[in-house]
Amino acid sequence: VDYEYPEREVGGEAGGGARQAAFQSVLRRKALMIVLAASVAVATHGLLSALPSGVEVHARLAVDRTGATESVIDAEFLASQAKLITSRDALRRAAAELGVTDADTLSSPPLHQRILAAVGMGDAGKLVSPEEKLTDALAAGFSAAPSGFGRSIDIRFLSENPDFAIRFVDRVIGDYLLLQSTSGGVGARLVSG
């Protein structure tokens, strides 16, 4: 009995070693599958976030100078008019006229920002006013630049809400046209959009 007991002990250790090796192999396979799944998720998220979401609204303004002495329309003048259209004040004013006060009504934040906010990281700890968040969200989707074709400025706005996008672009352009008609010196008209 004393002789057989060490053999059972040795056999038990060998069986335990095999079980441990099998267990480690299963753990390695599971870890590999988790890493692979995480890689696929990150790659898919990167691909999906690169795709535009929502709708992009386009408009084109033709710009003229109404003063006889300053009739030249050059790229620098068009760029200054585009900056005027995209100013943070113009965006805030148009949003206020439409009754929009919260950036969350425009679109949901990207997945990575939601994850960071859920774990208490990212912008969650920063004290930013709702007006600034709204202006940042509007500025991120809004652009105006000389078209490169004559005396025109192309305006674009990307938003998840098509109705709001159209109303917002109309309001920004309306404010700009009103400002130009009252201040004098520049005549502008909507060509398309």
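Below, all heavy atoms of this structure are taken into account, side chains as well, without hydrogens, waters or symmetry copies. All residue numbers refer to positions in the sequence shown, counting from 1.
- Of the charged side-chain nitrogens involved, none lies within less than 4.0 Å of a carboxylate oxygen, so that R167 and D170 do not count as a salt-bridged pair.
- The shortest side-chain heavy-atom distance between V172 and F142 falls under the 4.5 Å cut-off.
- Every side chain to side chain contact (heavy atoms under 4.5 Å, CB included) that A139 has, sequence neighbours left out, goes to R88, L91.
- The closest side-chain heavy-atom distance from E56 to H58 is below 4.5 Å.
- Legend: side-chain hydrogen bond (donor to acceptor under 3.5 Å, both in side chains) pairs involving residues 139-149, not counting sequence neighbours, sorted by first then second residue: S147-S152.
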All N/O donor-acceptor pairs, side-chain side in residues 23-37, below 3.5 Å, sequence neighbours left out:
{"from": "S25", "atom 1": "OG", "to": "R29", "atom 2": "NH2", "distance (Å)": "3.1"}

Test D175 against E97 for side chain to side chain contact (heavy atoms under 4.5 Å, CB included), laying out the working first. CA-CA 10 Å; D175 284 350; E97 290 171 2; 3.2 Å; yes
Using the rule given for salt bridge (charged side-chain N to carboxylate O under 4.0 Å, His left out), can you reason through K133 versus D136, listing the C-alpha separation, both sets of side-chain angles and the distance that settles it, and then say yes or no? CA-CA 5 Å; K133 284 183 183 178; D136 290 343; over 6 Å; no
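- A 4.5 Å side-chain heavy-atom check between V63 and L78 finds at least one atom pair inside the cut-off.
- Between the S87 side chain and the A90 main chain, a donor and an acceptor come within less than 3.5 Å of each other.
- Pairing each heavy atom of A95 with each of L138, the nearest pair is CB-CD1, 3.7 Å.
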Would you check, one step at a time, whether the test side chain to side chain contact (heavy atoms under 4.5 Å, CB included) holds for F77 with R151? CA-CA 10 Å; F77 175 75; R151 301 168 300 188; over 6 Å; no
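- Counting only heavy atoms from C-beta outward, the side chains of I153 and Q81 approach each other to under 4.5 Å.
- Residues I85 and L61 are in side-chain contact: their nearest non-hydrogen atoms beyond the backbone lie under 4.5 Å apart.
- Counting all heavy atoms, side chain and backbone alike, A79 lies closest to P146 at N-CG, 3.8 Å.
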Passes side chain to side chain contact (heavy atoms under 4.5 Å, CB included), L179 versus L84? Steps please. CA-CA 10 Å; L179 175 68; L84 181 63; 4.0 Å; yes
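- Taking the six-membered ring where the residue is Trp, F168 and F157 present tilted rings, their angle falling between 30° and 60°.
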